Amino acid sequence: MKYTKATNYALHIMAYIISLEGSANLSLQPLASHMNISHTYLSKVLTQLVKAGLIQSTPGMNGGYCLRKKKEDISFWDVTQAIEGSASLFTCEMGEAECRLQQVMRGAESCMESYLKAKKLYDVVREIPSQGTLEK
């Protein structure tokens, strides 16, 4: 199982925004420079985070992006779902109504979901000594 590069970027973007602790709106240009991501790709990731209600976008001269949800409440699951969606990672292709193999795989997914829901980005960000050096 492998998450997309967009999920990797989204987690780092959210961690960075959380680390700024209520600073003014972040505009696309400085955020792209800090994350070393193209403006176009970053814009697509940010759009997905806005649609998921994790951040908000403010247009205009002093506009940009800021948290929409309380920073302490944002889980790894929230960000992952914003990018990856909610489709199951495993689907039985054998046409069985009650596939036991699929039941095991869904159980594993459920464990991972519970784990990622319990892990909050804010808690991890607080453990990083220098917020400006979040690894990509």
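Count residues from 1 along the sequence. Heavy atoms only: backbone and side chains are in, while hydrogens, waters and symmetry mates are out. Quick caveat, the model's predicted, so the values are computed rather than measured.
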Look at the side-chain heavy atoms of Ile, Leu, Val, Met, Phe, Trp and Tyr, link any pair under 4.5 Å apart, and say whether [X] and [Y] land in one connected group.
X      : Y      : answer
Val124 : Tyr122 : yes
Val45  : Tyr3   : yes
Leu121 : Tyr115 : yes
Met112 : Ile74  : yes

To the nearest 0.5 Å, what is the distance between [atom1] ([X]) and [atom2] ([Y])?
X     : Y     : atom1 : atom2 : result
Leu28 : Ser33 : CG    : OG    : 9.0 Å
Leu49 : Leu42 : CG    : CG    : 9.0 Å
Lys71 : Ile17 : NZ    : CD1   : 13.0 Å
Asn8  : Lys2  : CG    : NZ    : 9.5 Å
Thr58 : Asn25 : OG1   : CG    : 4.5 Å

So which heavy atom on [X] is nearest to which on [Y], and how close?
X      : Y      : answer
Ala32  : His39  : CB-CD2, 3.7 Å
Lys117 : Glu113 : NZ-OE2, 2.7 Å
Gln102 : Cys92  : OE1-N, 2.8 Å
Arg126 : Asp123 : NH2-OD1, 3.1 Å
Ala10  : Ile83  : CB-CG1, 3.6 Å

Sequence neighbours excluded, which residues qualify as side chain to side chain contact (heavy atoms under 4.5 Å, CB included) partners of Ser27?
-> Pro30
List for me each residue that meets side chain to side chain contact (heavy atoms under 4.5 Å, CB included) alongside Ser110, sequence neighbours excluded, and say none if there are none.
->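 Partners of Ser110 under the side chain to side chain contact (heavy atoms under 4.5 Å, CB included) test: none.
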Could you give all pairs that pass the salt bridge (Lys or Arg N to Asp or Glu O under 4.0 Å) test and reach residues 4-20, with sequence neighbours left out?
->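 Every pair satisfying salt bridge (Lys or Arg N to Asp or Glu O under 4.0 Å) with a residue in residues 4-20: there are none.
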Any salt bridge (Lys or Arg N to Asp or Glu O under 4.0 Å) involving residues 39-68? Give me the pairs, sequence neighbours left out, ordered by first then second residue.
-> none
Which residue pairs satisfy the side chain to side chain donor-acceptor pair (under 3.5 Å) criterion with at least one member in residues 72-84, sequence neighbours excluded?
->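 Listed once each, the pairs are Thr4-Glu84, Thr7-Glu84, Lys69-Asp78, Ser75-Asp78.
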I would like to know whether Met14 and Ile55 meet side chain to side chain contact (heavy atoms under 4.5 Å, CB included); could you show each step before the answer?
-> CA-CA 9 Å; Met14 291 300 295; Ile55 61 174; 3.6 Å; yes
Ser43 side chain to Thr40 backbone, donor-acceptor under 3.5 Å | no
Should Val50 and Tyr65 be marked as a side chain to side chain contact (heavy atoms under 4.5 Å, CB included) after you check the CA-CA gap, both sets of side-chain angles, and the distance that decides it?
-> CA-CA 9 Å; Val50 168; Tyr65 297 90; 4.0 Å; yes
May I ask you to test the Met35-Ile13 pair for a side-chain heavy-atom distance under 4.5 Å?
->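 Touching, per the 4.5 Å side-chain cut-off.
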Val104 side chain reached by Phe90 side chain, heavy atoms, under 4.5 Å = no
Which residue pairs satisfy the ring pair (Phe, Tyr, Trp, His ring centres under 6.0 Å) criterion with at least one member in residues 40-64, sequence neighbours excluded?
-> Tyr9-Tyr41
